[in-house]
Amino acid sequence: MDESLRKVVELLLPRFADWAVIDLITETGEVHRSLVLHAGSDGLTVREDLQGPMPPVPASSPMPLSKALRGVSSALAGPKTYAVPADSEVAVAQRKLFAATGIETAAIAPVKGPSEVLGAITLGRTAVEEPFAPADLDLLENIGRRIGIALENARHYQRQRQIAATMQRYLLPQLPRLAGVEMTVRYLPAPDASHVGGDWYDAFPLPNGDTALVVGDVVGHDLEAAAGMAQLRNMLRAYTWAQDDPPHHTVERLDQAMGHITDVSMATLVLARLETAPSGGRALTWTNAGHPPPLLLDPVGRTGFLGDGKGILLGACGDRPRPQGHVHLHPGSTILLYTDGLIESRRQPLDVGLQRLKDDAADLRHRQLDDLVDDLLVRSRPADNDDDVAVLAIRIPRNP
């Protein structure tokens with residue numbers, strides 16, 4: 001919203017005015033002077049000292065700004081307009097604005113969206129010989145309506161994003177405590193505010209003593225994707241808990257039911273079971289439904305992707321048998337499960353991102369697990385990636 005307002009105002013200055021002032025009404029009904037911009041000989045300057053909270057809008061004041069903020073009408077104004085005894089604190093604030101800026105003539109109009117008044121826009125000129133005329137108000141009212149539509153849409157989208165982000169945050173679980181196993185997770189939202197994703201991680205104990213590990217990604221970047229993620233996550237938890245099946249059978253059942261029970265059309269995930277191996281130590285059994293492969297850092301310094309168990313994504317073909325992979329985890333081993341936001345870039349093939357992750361993990365393998373994950377998020381995540389990221393990492397300590 002701030003960037004959009006700045007761009008609009010930059011189109012107006014200096015061709016229509018020397019000053020532009022944007023007052024916005026917040027969702028709680030308070031008024032905030034959000035932008036004061038001056039076009040001088042050295043370019044555009046933001047006057048932050050003139051910005052900030054404004055007094056409440058009087059319900060019946062006839063003064064131009066008060067009427068504009070109520071959505072009543074637009075009007076012309078000048079220093080003499082506010083030289084009369086002030087009928088409100090808003091009038092006092094306007095008198096101070098005219099004195100601080102040297103504005104001699106101003107045009108003030110409401111900023112209206114389709115369903116609500118969002119604020120007011122003021123254009124000011126310091127040159128007395130070119131005062132605003134009543135005909136200028138038509139143009140300013142049109143600009144105010146266009147700004148209002150954009151702002152109202154932005155607010156609606158922001159509310160949707162906040163709902164989705166809150167839902168997503170509360171659905172991400174607390175990690176179980178596992179004897180002899182280190183575990184850490186990270187979730188980073190998309191850097192682009194227009195994206196809310198369906199990425200998730202999960203980890204929970206099973207009745208037989210194993211631990212289920214999940215990282216997944218529902219197709220889409222909106223509230224529906226976040227809601228679909230919740231549906232799929234809960235279904236997978238129920239199937240994994242209720243049936244003592246290997247991961248590939250559980251995902252087969254999930255794939256068959258997904259289209260009938262959820263609103264999810266397609267998704268990728270890795271479902272793994274961390275087991276206590278009969279010969280001692282730990283073992284990992286997993287199936288991969290179209291997801292980036294888990295990364296293994298073994299105790300002797302080798303780093304490689306677990307390519308076994310690779311199948312197609314969920315929703316593509318519900319009746320195809322799924323493969324499964326198995327690996328013994330020696331003390332000192334680290335497993336990294338992650339979503340494609342850690343490796344994907346529009347500027348390079350996916351293999352390049354995978355190779356960078358592998359190389360970075362090899363360089364960082366001696367770090368503590370939390371530090372390893374944090375450093376990978378900084379080093380491996382492409383700068384142009386606009387997706388969210390979920391990471392789940394486990395390590396089998398050398399001396400549990």
>> Just to verify, which of Asp199, Asp388, Asp374, Asp371 counts as forming a salt bridge (charged side-chain N to carboxylate O under 4.0 Å, His left out) with Arg186?
In response: Asp374
> Does the side-chain hydrogen bond (donor to acceptor under 3.5 Å, both in side chains) test come out yes or no for Thr26 and His32, once each step is laid out?
Replying inline: CA-CA 7 Å; Thr26 68; His32 192 273; over 6 Å; no
> Does any donor atom in the side chain of Thr268 or Asp217 lie under 3.5 Å from an acceptor atom in the other side chain?
Replying inline: no
>> So that I can tick it off, tell me whether Asp210 and Arg273 are bridged by a salt bridge, with the cut-off set at under 4.0 angstrom between side-chain N and carboxylate O.
In response: yes
> Is it the case that His326 and Thr285 place a side-chain donor and acceptor less than 3.5 Å from each other?
Replying inline: yes
> Mind checking whether Tyr338 and His291 have parallel, tilted or perpendicular rings, split at 30° and 60°?
Replying inline: tilted
> Hey, which of Val389, Leu336, Val391 is the one that makes side-chain contact (heavy atoms from CB on, under 4.5 Å) with Leu376?
Replying inline: Leu336
>> Test side-chain hydrogen bond (donor to acceptor under 3.5 Å, both in side chains) on Asp245 and Thr250; report intermediate values, then the result.
In response: CA-CA 6 Å; Asp245 286 339; Thr250 301; 5.0 Å; no
>> Within the 3.5 Å criterion, strictly below it, is a donor on Gln355 or Asp359 matched to an acceptor on the partner's side chain?
In response: yes
> Is the shortest distance from a Lys or Arg side-chain nitrogen in Asp298 or Arg302 to a carboxylate oxygen in the other one below 4.0 Å?
Replying inline: yes
>> Can you give me the closest heavy-atom contact between Ile103 and Phe98, atom names plus distance?
In response: O-CD2, 3.4 Å
> So, Ser74 and Glu141: side-chain donor and acceptor under 3.5 Å apart, yes or no?
Replying inline: yes
> Got more than 12 heavy atoms from elsewhere within 6.0 Å of CD, Gln368?
Replying inline: no
